[in-house]
Amino acid sequence: QVQLVESGGGLVQPGGSLRLSCAASGFTFSSYVMSWYRQGPGKERELVASIVNTGGSINYADSVKGRFTISRDNAKNTVYLQMTSLKPEDTAVYYCYAVTVIPPLDYWGQGTQVTVSS
């Protein structure tokens with residue numbers, strides 16, 4: 001059974017920090033590109049950050065560059081999103097996503113709410 005379980009969401013003040021975790025099970029974690037997506041109120045789901053299986057190639061949305069850091073620990077089957085200097089516009093449900101193309105397979109986590117408000 002494949003599972004992606006996000007945790008770490010919550011309420012934080014503008015300028016604050018939060019770390020999201022995604023614990024994976026049921027598949028070979030090290031073979032998958034891992035990503036974080038988010039969907040704010042009334043908005044489309046958007047890619048926040050992604051990291052390849054080795055961790056050597058990382059991409060970020062322009063809106064979070066310099067503030068967010070994605071990382072992974074293949075020994076723990078976990079991907080993280082460290083968020084700093086949070087802004088109200090970062091408020092969204094954040095989703096963990098796993099994908100491999102050989103063969104094509106992908107999985108979504110259930111999401112965790114992040115609210116940035118004073």
Side-chain angles (χ1 to χ4, degrees):
Q1 182 180 0
V2 172
Q3 290 191 81
L4 294 173
V5 182
E6 299 99 331
S7 61
L11 175 65
V12 64
Q13 295 185 28
S17 300
L18 207 60
R19 188 182 75 160
L20 305 183
S21 298
C22 174
S25 61
F27 64 97
T28 305
F29 179 81
S30 61
S31 298
Y32 283 69
V33 175
M34 300 299 300
S35 300
W36 288 95
Y37 284 75
R38 69 184 181 186
Q39 186 167 18
K43 299 180 179 180
E44 297 293 321
R45 189 172 298 187
E46 65 174 344
L47 177 65
V48 176
S50 62
I51 183 168
V52 300
N53 58 345
T54 63
S57 182
I58 296 171
N59 294 103
Y60 296 99
D62 288 342
S63 59
V64 307
K65 284 182 179 177
R67 299 189 298 118
F68 290 11
T69 302
I70 188 172
S71 61
R72 66 190 294 161
D73 187 338
N74 287 344
K76 296 181 179 180
N77 290 350
T78 302
V79 62
Y80 306 94
L81 186 67
Q82 178 66 52
M83 305 183 293
T84 62
S85 301
L86 283 162
K87 305 174 181 179
E89 51 263 45
D90 295 320
T91 296
V93 177
Y94 284 72
Y95 297 92
C96 182
Y97 178 66
V99 63
T100 184
V101 297
I102 309 173
L105 292 171
D106 65 284
Y107 308 104
W108 288 95
Q110 82 286 356
T112 186
Q113 177 70 48
V114 172
T115 302
V116 184
S117 176
S118 59

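For the pair G111 and Y95, the tightest heavy-atom approach, listed with the atom from each and the gap, is CA-CD2, 3.5 Å. Between I51 and S71 the shortest heavy-atom distance is CD1-CA, 3.9 Å. Of all non-hydrogen atoms in V48 and V64, the two that sit nearest each other are O-CG2, 3.7 Å. Closest approach of T84 and S17 over heavy atoms only: CG2-OG, 3.5 Å. The two atoms that bring I70 and S35 nearest to each other are CD1-CA, 4.5 Å, heavy atoms only. Annotation for S50 and V33: closest pair CB-CG1, 4.5 Å, computed over non-hydrogen atoms.
Remark: W36 CH2 to F68 CZ distance equals 11.0 Å, nearest 0.5 Å. Summarising the geometry, atom CD belonging to E6 is positioned 4.0 Å from atom CD belonging to Q110; distances are rounded to the nearest 0.5 Å. Note that the NZ atom of K65 and the CD1 atom of I58 stand 12.0 Å from one another [nearest 0.5 Å]. Distance OG1/T91 to CD/Q113: 7.0 Å, rounded to 0.5 Å. To the nearest 0.5 Å, atom CG of residue N53 and atom CG of residue N74 are 7.0 Å apart. Distance check, rounded to the nearest 0.5 Å: CG of L81 to OH of Y37 gives 13.5 Å.
In terms of the side chain to side chain donor-acceptor pair (under 3.5 Å) criterion, T100 has no residue partners (sequence neighbours excluded). In this view, Y94 and R38 satisfy the side chain to side chain donor-acceptor pair (under 3.5 Å) rule, not counting sequence neighbours. Applying the side chain to side chain donor-acceptor pair (under 3.5 Å) rule to N77 yields no partners; only residues at least two apart in sequence or on another chain are considered.
S7 is not listed as a side-chain neighbour of T112, based on a closest heavy-atom distance of 4.5 Å or more. Between M34 and F29, the closest side-chain pair of non-hydrogen atoms falls below 4.5 Å.
Within the cation-pi definition used here (under 6.0 Å to the ring centroid, within 45° of the axis), R45 does not qualify as a partner of Y97.
By the 4.0 Å N-to-carboxylate-O rule, K87 lies too far from D90 to be salt-bridged with it.
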